[in-house]
Amino acid sequence: MGADIGRRAVVVTGGAAALTLGSVSFASGADGQESRTIRGTLPTGSPDFVYVPVEVPPGVREFRVSYRYDRPAVPAGTVGNALDIGVFDERGTELGGRGFRGWSGGARTEFFLRADDATPGYLPGPVRAGTWHLALGPYTVAPQGLSYEITVTLTYGEPGEGVRPVYPPERARGRGRAWYRGDCHLHSWHSDGRRTPAEIGALARAAGLDFINSSEHNTSSAHAHWAEVADDDLLVMVGEEVTTRNGHVVALGTDPGTFVDWRYRARDNRFGRFARQIRRAGGLVVPAHPHATCIGCNWKFGFGEADAVEVWNGPYTPDDEVALADWDSMLVASVREGRDWIPAMGSSDAHRDPDVIGLPQTVVLADDLTRRAIQEGIRAGRSYIAESAGLALSFTASGGRGEHAGIGERLRVDPDAPVTVRLAVTGAPRCTVRFVTDQGVLHTSAPLPVSGEGVVEWRTSAAYAAYVRAEVRHEAAAGPVPGALAAFTNPVFLGRR
C-alpha cells in the first residue's frame, strides 16, 4: 500500500499542523496473524505530525509495528532525515485526549503492545476494535524527501490478563528539615535512554542522591516501573519531559500515570493549558535547557508559566553560561517590577554511558524527604546547584541587629543598614567564589586552597545590592573568561520589600 502526502490535505487538530493519510484495514474475524505494509514519502516542509489510521477489527490480542526510512547523504550544514513514531488507540488523537498509548520518538524501529505487556515507551492495555492512529513525527526531512515503510502486524486471540500499575511511594526516610540532593531530569530505556530504571537507581545512590525524577520524552510509560527502585533511601518522583518543536519542559513530580501532550508550538497558544494540567496533577513546570542548540530544544514559550528553570544541564557548556546570564537578567527584572522570581535548578539529563547521573544536582532545603516537601523547597528557591555530592555550600546574609536569611529568603533590613554575606564551601579545590548582584559581579575571591574548604565574606547593603547570589567556579582556562561552574546558589534578597 502506498501513500504520498503530496496528494493529501493538511489539517489542524487543535495544535500543530497535522495530516491524516488514508486508512489501513484488516480482515475482520481473521485467525493467527495478519500484516499490512504502508509506504510513502514525506517532502521537506511536512507538517509536524502525520497520522496513519489503522482499522483494528475485534479479537486482536497484540498490536505490533516496525518501520524504517531512508537516510540519504546531504551536503554539509543540511539536515538529514529523522522520523519519530508513536501510537494512539481507538479513543482518538484529540490534543490532550485519552487516546495516547505510547511514543518512542526515534529511539526504536519497532514496538508492540497488548493487555499484559508493552515495549518501553508504550502503555500496556487491551487492543480494542476501532480506528487506531500511528503518529509519525518528521523531526527533520532531507532535501530529497523522506521515504518510509511501516509494517503493522495484528495477532488475533484471547487477550492476556491486564496488569495493574504499581507506583513508587511519595515518601522516603528523611532526616527532617535538611538539605536533600536530587537529579530531576533523567532518561531510561522508556524513551531514548539506554539504562533501565534499576541501573539508574543504583547510579543515583552511588552519586549520593536522595531523590530523582523520571522524565521520559513524551510518555508516562516509565511511571509503573519505579516502585522496585524506590526505597527508604531514595525518593522517586515521576513526570515527563514534554518535548515540543519549540522547546522542552520537565513536568516534575506529577501524579503517577499523568500524560502531558506535546503536539503544539508556541504560535499555537496551547502551552498554558498544559502547564495548568501539570500543576493540577501536582507537578512543577520547569523549562529545560532553554538555550540548548539542538533542533527544537531552544525554549520559545516564555517563562510566565515556569515554577523553576533548568539553568545547568549536564556537563557545563557555553549554552549553560547563556542560560545562567539570562536567568540573572530575569532576577533583575523581578526586582525592578516587584514581581515573583523564578528559581534556578540543575539536572544531568543523563541518557546513557558516559553520562553522569548527578552532574549537576539540585540541593534542596526541605522539611522532609517527600514529594511535596521537595517540590515546596524547589518552588521557594531554597536550593543550590552543585556538580557532585562532594561539594557543599552554606550561604547566608545577616544584618547588624541579628537579622538572618538563607538561600531563597529575604533579609529585611533598612536600605543603608550593613549586611554581611557569607559563603562556606567544602569540596571545591582551587575554585574561585564570586558574589553576583543586580549590578553584576561585585566581589571575587582568591582561589580556595587545595583542600577545597574555605569561607568567603563580603559586606554590602540593600541600597547597593537588591540580591546576592554566589557562584563557585573552577580556574579559568585562559585570561579573564570565567571558569566552568562548580556550584551556584539561588539568591538571598536584601531590603524590606
Side-chain angles (χ1 to χ4, degrees), residues 49 62-67 84-93 96-128 132-137 159-169 184-201 212-230 236-244 248-263 274 277-278 281-283 288 349-352:
F49 302 101
E62 180 183 273
F63 186 101
R64 183 176 291 269
V65 174
S66 63
Y67 83 118
D84 296 340
I85 197 168
V87 68
F88 291 77
D89 66 18
E90 83 290 346
R91 291 171 291 184
T93 62
R98 301 176 59 199
F100 175 78
R101 289 296 294 272
W103 180 260
S104 49
R108 288 185 166 79
T109 59
E110 59 182 317
F111 65 85
F112 76 90
L113 49 86
R114 56 178 187 259
D116 62 339
D117 199 7
T119 300
Y122 293 80
L123 303 177
V127 182
R128 293 177 288 262
W132 289 48
H133 287 84
L134 300 178
L136 306 181
E161 185 175 349
V163 292
R164 181 176 178 273
V166 178
Y167 299 121
C184 293
H185 187 167
L186 295 162
H187 296 278
S188 76
W189 65 0
H190 281 269
S191 57
D192 59 345
R194 293 294 179 267
R195 292 164 172 152
T196 65
E199 290 169 336
I200 290 173
I212 57 175
N213 180 70
S214 168
S215 55
E216 309 294 355
H217 293 286
N218 297 344
T219 182
S220 57
S221 72
H223 293 188
H225 296 270
W226 284 103
E228 294 182 358
V229 176
V236 179
M237 300 183 289
V238 296
E240 180 183 334
E241 184 175 6
V242 184
T243 306
T244 80
H248 304 182
V249 63
V250 173
L252 198 166
T254 54
D255 295 335
T258 300
F259 163 69
V260 184
D261 214 319
W262 73 96
R263 294 170 295 159
F274 293 100
Q277 180 199 355
I278 291 169
D349 199 2
H351 285 68
R352 60 188 71 81

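Sequence positions, counted from 1, serve as the residue numbers for this chain. Worth knowing before you read on, the calculation uses all heavy atoms, side chains too, and leaves out hydrogens, waters and symmetry mates. Nothing here was measured: the structure is a model prediction, and the numbers come from that model.
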Side-chain contact, heavy-atom cut-off 4.5 Å: W226 with V238?
yes
H187 and H217 aromatic ring geometry - parallel, tilted or perpendicular at 30°/60° bounds
parallel
What's the separation between atom CD in E240 and atom OG in S221, rounded to the nearest 0.5 Å?
10.0 Å
Is the side chain of T119 donor-acceptor paired with the backbone N or O of F112 at a distance under 3.5 Å, no angle test?
yes
Just by distance, do the side chain of Y122 and the backbone of T219 share a donor-acceptor pair under 3.5 Å?
no
Any T243 side-chain heavy atom under 4.5 Å of W262 side chain
no
Determine whether L123 and L113 make a side-chain contact, defined as any pair of heavy atoms from C-beta on separated by less than 4.5 Å.
no
Would you indicate whether the side-chain heavy atoms of H225 and S214 approach each other to under 4.5 Å?
no
State whether the side chain of N213 and the backbone N or O of G253 hold a donor-acceptor pair below 3.5 Å, judged by distance alone.
yes
Interatomic distance, W189 atom CH2 to E199 atom CD [nearest 0.5 angstrom]:
8.0 Å
D349 versus S215: any side-chain heavy-atom pair under 4.5 Å?
no
Tell me whether R101 contacts the main-chain N or O of V127 through its side chain, where contact means a donor paired with an acceptor under 3.5 Å.
no
Any sub-3.5 Å donor-acceptor pair from D116's side-chain atoms to G162's backbone N or O?
no
Side-chain contact test, heavy atoms from C-beta onward, threshold under 4.5 Å: evaluate it for I200 versus I212 and give yes or no.
yes
In Å and rounded to the nearest 0.5 Å, what is the CD1 to OG distance from I85 to S66?
8.5 Å
Side chain of T109, backbone of Y67: donor and acceptor closer than 3.5 Å?
no
Check for a donor-acceptor pair, side chain of Q277 on one end and backbone N or O of F259 on the other, with a separation under 3.5 Å.
yes
E110 side-chain N/O to R64 backbone N/O, donor-acceptor pair under 3.5 Å:
no
Looking at every non-hydrogen atom in both residues, tell me the closest pair between S220 and T258 and how far apart they are.
CB-O, 3.4 Å
Give me the ring orientation class for H223 and Y167: parallel if the planes are under 30° apart, tilted from 30 to 60°, perpendicular past 60°.
perpendicular
Test item: R91 side-chain N/O and R98 main-chain N/O as donor-acceptor pair under 3.5 Å
yes
How many angstroms lie between atom CD of E241 and atom CG of L252, to the nearest 0.5 angstrom?
11.5 Å
Is it the case that the side chain of R263 and the backbone of T93 share a donor-acceptor pair, with hydrogens and angles ignored and the cut-off at 3.5 Å?
yes
What orientation do F100 and F88 show, parallel under 30°, tilted 30 to 60°, or perpendicular over 60°?
perpendicular
Which heavy atom of A224 sits nearest a heavy atom of P165, and at what distance?
CB-CB, 3.8 Å
Measure the acute angle between the ring planes of F111 and F63, then classify it against the limits of 30° and 60° as parallel, tilted or perpendicular.
parallel
Run through E216, R352, H351, R195 and flag the one making a side chain to side chain donor-acceptor pair (under 3.5 Å) with S188.
E216
Heavy atoms of A230 and P168 approach each other most closely as CB-CB, 4.0 Å
